[in-house]
> 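Could you have a look at this structure, given as structure tokens, before my questions?
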Amino acid sequence: MAGIELSGIAKSYGGVEVLRDVDLAVGEGEFVVLVGPSGCGKSTLLRMIAGLEPITAGELRIGGRRMNEVPPRGRDIAMVFQSYALYPHMTVARNMGFPMEIAHRPKAERAGPVARAAEVLGLGKLLDRYPRALSGGQRQRVAMGRAIVRQPQAFLFDEPLSNLDAALRVEMRLEIARLHHRIGATTVYVTHDQVEAMTLADRIVVMNAGRIQQVGTPMDLYERPANRFVAGFIGSPTMNIVEGTPVPDGLRLADGTVWPAPLGARALGIRPEHLHVAPDGDGAGLRAEVQLIERLGSDTNLFCEAPGVGPLLARVHGDVNLALGSSVVLTPDLARLHPFDAEGRRVPVGR
Amino acid sequence: MSAALTDTPGGTRGRLSRAYLGMVAEPWLYLLPSLLLIGGVMLLPLAIGLGYAFQEFNLLRPGAAKWVGLDNFQDLWADPQFWRALRNTLVWTGASVTLQFAGGLGLALLLNTRFHGKKLVQALVFLPWAVPTFLTALTFSWLLNPVIGPVPYWLSGLGLIEEPYNILGNPDTALWGPILANVWYGVPFFAITLLAALSAIPSELYEAAEIDGASGWQSFTKITLPFLAPMIVITVMLRTIWIANFADLIYVMTGGGPANSTQILSSYIFTTAFKRLDFGHASAIAVVLLALLMIYAAILLAVRSRLVRR
Amino acid sequence: MAALGRPHPALVAGKYLALAAYVAFALFPLYWLVKIAVTPDRLIYSEGTRYWPSAATWDNFREVLGSDFLRFFGNSVIVSLSTAAITAVIAAGGGYAFSRFDFRGKRLVSALLLLTQMFPLLIIIAPIYRIVASLGLLNTLPSLIVTYTAFNIPFALFLMQSFFDGIPKDLEEAAMIDGCTRMQALRKVILPLTLPGLGATLGFVFTAAWSEILFALMLIRKEESMTFPVGLLNFVSKFSVDWGQMMAAGVLALVPSCLFFAFIQRYLVQGLTSGAVKG
Ligand SMILES: Nc1ncnc2c1ncn2[C@@H]1O[C@H](COP(=O)(O)OP(=O)(O)O)[C@@H](O)[C@H]1O
Ligand SMILES: [Mg+2]
């Protein structure tokens, strides 16, 4: 087990820069998730850690050793590919034992670790099958098994669940969490799905357009997003953002309502679950019309339109007794307002 | 990548650029044997061959080669055999491609349907493609020979010729012998290529057309042909070039005779080089052939880009 | 075709007739070749145009196998096998580079390869003759092997590229992460998966080399190094009388091609379409 350090990492293809100024330290045994929209450079970063892409600039260290020039086989890492990359001409057992085969470990010595990994992953009965005779979930398990058998310094995952259907994805997500708990290996996990990121990570790295936006624990990112991009990316449904003009005690919204905000704020974010909904009455607050209601059973999403302010989504617990087109008053949980400045950066509250 | 490299401090850069060099060199390493062979055995001789076209160069008339400018081309202009060969090239190529294509399309459409014994039929009808050219040529000269072949009797039975004689021996008909052999040999090629393209047409399209009320003929003209068109153009182009260059059948079946009546440009190149060892003259003909083919390819590619844009 | 639904019986009959016609057209010349090859000498003329010989014999084959043809045959086997093997190895390297790497100059190389497929090969027959002669290699088999190898590399390279393209890059990367050098990854993972492709390439190149004739005529003029086609042609012009033996020789020439053809059947469509699109 070893930590991974990236300092000043950059990557260009030809003249096009796809990653820059990436600084990140993954601690021993830590589970770090790289998350960001498609094309932001997550896979590229992971592949540079694996040694599959040359590093244009900066330094990569694994277990304290500089790795920039070390070929993949010298880095002692395991990787699970989105396509699983199982060798089609080898059985499950041989696939899982392949790293040891390459290391010239005798056959007898290989059987034990392979059997144990198969046990853990519930692959015991499938060891003699070929990959083409496996289902998607089983292939996924074999790919993980191949990584486990290796006992590497670190695990790398590149969107391992994105080829599975929704139910299986949840199941495998739990499986990965369980495995990490059991093995405690250093892991870098790439996904574009923020739910996977929130549920699996010790720490999340949010990336956009080739740059790291914020690094933090899931609750850090949820409670204190560093900028509007992170605010919009983490949390589901997406955070509401309203713009306003600064007045002495906060921001005045287009309809005249004033929400408290620190100096320098130009916009306020509020998560749907932190927006209180009351039937229109005498109380002061942001007036809006309910345009669409989604009943999820446990929760209800109310898509509202506040004249001049824009669309706002509120999420309330249980069901509501409201009709489409009815008028409501929206009040934010004041402690949960996220102020952002003109550049979209978080403005520190409380000074 | 290099732009970013120059920004990095010296120390890192040295190591990086070595890794970078390795990355750059690797594919060239794998390509090297191919490039050496192609360069040495095809491209270099090509350049030399182009040079011969402007030299007086005959192995039978000793003495150093000398540059003579366009003399070889002037000789060609005045050479009635050249013009005959040019005409024959058009007939040979045009007739061969047309017949091969028509036969191949028919066969591909048939093979694209369902029937019993398809695998066997497919293997049998594609077999001519595997027959070595010289053997195809010999077989057809034997078939056309009234002493041991039946074809002359069929032709006279059909009233195409008055009595069973060898059409290869008659300057008026001789060219059709190699053309027949070429069609036999080339139909499978078109059939295989067209079959691959046909099976790539999604069957939903035919189902949708059927639901829309199209007849079999309509779905052929409205779906099959438009889908095949770009691929047909490119295949026909490559095949035309290939056939125009294809001298083996003619050389083996008639040697260009009788009385040069079946000489096409490429077989004429070969006879000139092989029998007369007149490399200057042969190369000049080759250059003309190359130029004609390039013009032809340019025209067809223009047509194709219009088809694709539509 | 799905659109035809349930076709008319007359159409079905027409279809089978047309197929039968194609099969007859394809097979008749070969049948004739075999027929004369097994006809006894004394019947060749009297039954020259009979469709079914009244007697059959292996004599012609026996005589051919006892003659110079055996040597021609051997020369051809040496040339074709060497050409196929060398071409497959070299083209596999090139195809791999084309499939797996993006490098500056790739388009240029690819254009050069295409160019070699476009120009009349006969344009280089004179220069090649001169080069081979000046190297003192006229009348040797290696001169043919090198020439044929070069001629076949472009097509074989594109063919191999299309096979490599069909193998996900992830597999090699996984292998390299699992501890392989690139060479080990190639040997343990990529090679087993490309075996069919290599086989197809071998088949195509073998067939091409087996039937080449013009360069063989130009470069080989001594009997002892003649390839089969050249020997057969020589035979035709020298004693154009012994039909039975010639046909028997012809049938023998057909055997290796047919073997390879049976082998590459499965890859025909894939190979030719990639060839047609790319080169
Ligand atoms: N080989 C390549 N050449 C040029 N650009 C590339 C290459 N690979 C990836 N890119 C570019 O790098 C960016 C990041 O890609 P990637 O890391 O795959 O994104 P992600 O995994 O986050 O979706 C993309 O804009 C992509 O177009
Ligand atoms: Mg990705």
> Evaluate side chain to side chain contact (heavy atoms under 4.5 Å, CB included) for B/F115 paired with C/V12, printing each intermediate quantity in order.
CA-CA 9 Å; B/F115 57 86; C/V12 177; over 6 Å; no
> Considering only heavy atoms and a distance below 4.5 Å, find which of C/A126, C/G93, C/G94 pairs most often with chain B.
C/A126
> Is it the backbone or the side chain of B/L50 that comes under 4.5 Å from a heavy atom of chain C, or both, or neither?
side chain
> Evaluate side chain to side chain contact (heavy atoms under 4.5 Å, CB included) for B/Y30 paired with C/F98, printing each intermediate quantity in order.
CA-CA 9 Å; B/Y30 302 140; C/F98 260 59; over 6 Å; no
> Would you mind reporting whether C/F228 and B/P132 have side-chain heavy atoms less than 4.5 Å apart?
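No, side chains not in contact.
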> Walk me through whether C/F119 and B/W242 qualify under ring pair (Phe, Tyr, Trp, His ring centres under 6.0 Å).
CA-CA 9 Å; C/F119 69 78; B/W242 194 87; over 10 Å; no
> Report yes if the side chains of B/T139 and C/L30 come closer than 4.5 Å at any heavy-atom pair, otherwise no.
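No; the side chains remain at least 4.5 Å from each other.
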> Quick one: does B/W142's side chain get under 4.5 Å of C/W32's, heavy atoms only?
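They are not in side-chain contact.
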> Is it the backbone or the side chain of C/L254 that comes under 4.5 Å from a heavy atom of chain B, or both, or neither?
both
> Mind checking whether C/L112 and B/I38 have side chains closer than 4.5 Å, heavy atoms only?
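No. Closest side-chain heavy atoms not under 4.5 Å.
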> Can you see which heavy atom on C/T207 is nearest to which on B/A130, and at what distance?
CG2-O, 4.0 Å
> Which bit of C/T147 comes within less than 4.5 Å of chain B, counting heavy atoms only: side chain, backbone, both or neither?
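It is both, since atoms from each part get that close.
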> With a 4.5 angstrom heavy-atom cut-off, could you sort out which part of B/P128 is near chain C: side chain, backbone, both or neither?
side chain
> Between C/F103 and chain B, which part of the residue has a heavy atom less than 4.5 Å away: side chain, backbone, both or neither?
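When you check distances to chain B, only side chain atoms of C/F103 fall under 4.5 Å.
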> Evaluate the side-chain proximity of B/N245 to C/L122: yes if any heavy-atom separation is below 4.5 Å, no if none is.
no
> Given the options C/L27, C/T116, C/T149, C/L217, which has more heavy-atom pairs under 4.5 Å with chain B than any of the others?
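Most heavy-atom pairs within the cutoff with chain B belong to C/L217.
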> Kindly say whether the aromatic ring centers of C/Y22 and B/W184 come within a distance under 6.0 Å.
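No - the distance between ring centres of C/Y22 and B/W184 does not fall below the 6.0 Å cut-off.
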> What part of B/P152 is in contact with chain C, defined as an atom under 4.5 angstrom from a non-hydrogen atom: side chain, backbone, both or neither?
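Nothing of B/P152, per the 4.5 Å heavy-atom cut-off to chain C.
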> Grab the two heavy atoms, one from C/K15 and one from B/R114, that are nearest each other, plus how far apart they are.
NZ-O, 2.8 Å
> Answer with side chain, backbone, both or neither: which region of B/I48 has an atom nearer than 4.5 Å to a non-hydrogen atom of chain C?
both
> So which part of B/I241 gets closer than 4.5 Å to some heavy atom of chain C, the side chain, the backbone, both or neither?
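The side chain, not the backbone.
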> Please state whether the side chain, the backbone, both or neither of C/I123 comes within less than 4.5 Å of a heavy atom of chain B.
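The answer is both parts of C/I123.
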> Tell me, for B/F140 versus chain C, whether the close heavy atoms (under 4.5 Å) come from the side chain, the backbone, both or neither.
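The side chain, not the backbone.
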> Would you call B/F274 and C/I125 a side-chain contact if the rule is heavy atoms closer than 4.5 Å?
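When only atoms from C-beta onward are counted, C/I125 and B/F274 do not touch, as no gap falls below 4.5 Å.
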> Taking side chain as everything from C-beta outward and backbone as N, CA, C, O, which of these in B/L290 sits under 4.5 Å from a heavy atom of chain C? Side chain, backbone, both or neither.
both
> Any idea how B/W129 and C/F204 line up, ring-wise: parallel (<30°), tilted (30 to 60°), or perpendicular (>60°)?
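If you compare the ring of B/W129 with that of C/F204, the planes turn out perpendicular.
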> Is it the backbone or the side chain of B/L205 that comes under 4.5 Å from a heavy atom of chain C, or both, or neither?
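Neither; nothing under 4.5 Å.
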> Can you tell me which portion of B/I223 sits under 4.5 Å from chain C's heavy atoms? Options are side chain, backbone, both or neither.
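When you check distances to chain C, no heavy atom of B/I223 falls under 4.5 Å.
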> Flag the one option from C/A97, C/S257, C/P229, C/A18 with the top tally of heavy-atom pairs under 4.5 Å to chain B.
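Result: the option with the highest number of such pairs is C/P229.
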> If you measure from CG on C/L121 to CE on B/M42, what distance do you get to the nearest 0.5 Å?
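These two atoms lie 5.0 Å from each other.
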> Mind checking whether C/L232 and B/L138 have side chains closer than 4.5 Å, heavy atoms only?
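Answer yes - side chains close enough.
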> Which answer fits B/A273, side chain, backbone, both or neither, if we ask what part of it has an atom under 4.5 Å from a heavy atom of chain C?
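Backbone plus side chain of B/A273, per the 4.5 Å heavy-atom cut-off to chain C.
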> At a heavy-atom separation under 4.5 Å, does B/M294 approach chain C through its side chain, its backbone, both, or neither?
neither
> Between C/A150, C/P120, C/P154, C/C258, which has the largest tally of heavy atom pairs under 4.5 Å with chain B?
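Counting heavy-atom pairs under 4.5 Å, the top option is C/P120.
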> Counting only heavy atoms closer than 4.5 Å, note whether B/V187 contacts chain C via side chain, backbone, both or neither.
side chain
> Let me know if B/Y185 has heavy atoms under 4.5 Å from chain C in its side chain, its backbone, both or neither.
neither
> Under 4.5 Å, counting heavy-atom pairs only, tell me which of C/R100, C/M247, C/K106 racks up the most with chain B.
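With the most close heavy-atom pairs to chain B, the winner is C/M247.
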> How many angstroms lie between OG in B/S34 and CG in C/L113, if you round to the nearest 0.5 Å?
7.5 Å
> Determine the interplanar angle of the B/H116 and C/Y16 rings, folded into 0 to 90°, and report it as parallel if under 30°, tilted if 30 to 60°, perpendicular if over 60°.
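Taking C/Y16 first and then B/H116, their aromatic rings lie parallel (interplane angle under 30°).
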> Counting only non-hydrogen atoms closer than 4.5 Å, does C/F151 touch chain B with its backbone (N, CA, C, O), its side chain (CB onward), both, or neither?
both
> Quick check for you: to the nearest 0.5 Å, what is the distance between B/L29 atom CG and C/F101 atom CZ?
9.5 Å
> Less than 4.5 Å to any heavy atom of chain B: does that hold for the side chain of C/V109, its backbone, both, or neither?
side chain
> Take C/I124 and B/V41 through the test side chain to side chain contact (heavy atoms under 4.5 Å, CB included) and record every step on the way to the result.
CA-CA 9 Å; C/I124 62 174; B/V41 184; 5.8 Å; no
> Assess whether side-chain hydrogen bond (donor to acceptor under 3.5 Å, both in side chains) is satisfied between C/R130 and B/Y52, documenting all intermediate values.
CA-CA 11 Å; C/R130 284 258 304 171; B/Y52 284 173; 3.3 Å; yes
> Less than 4.5 Å apart, any side-chain heavy atom of B/F279 and any of C/Y129?
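When only atoms from C-beta onward are counted, C/Y129 and B/F279 do touch, with a gap below 4.5 Å.
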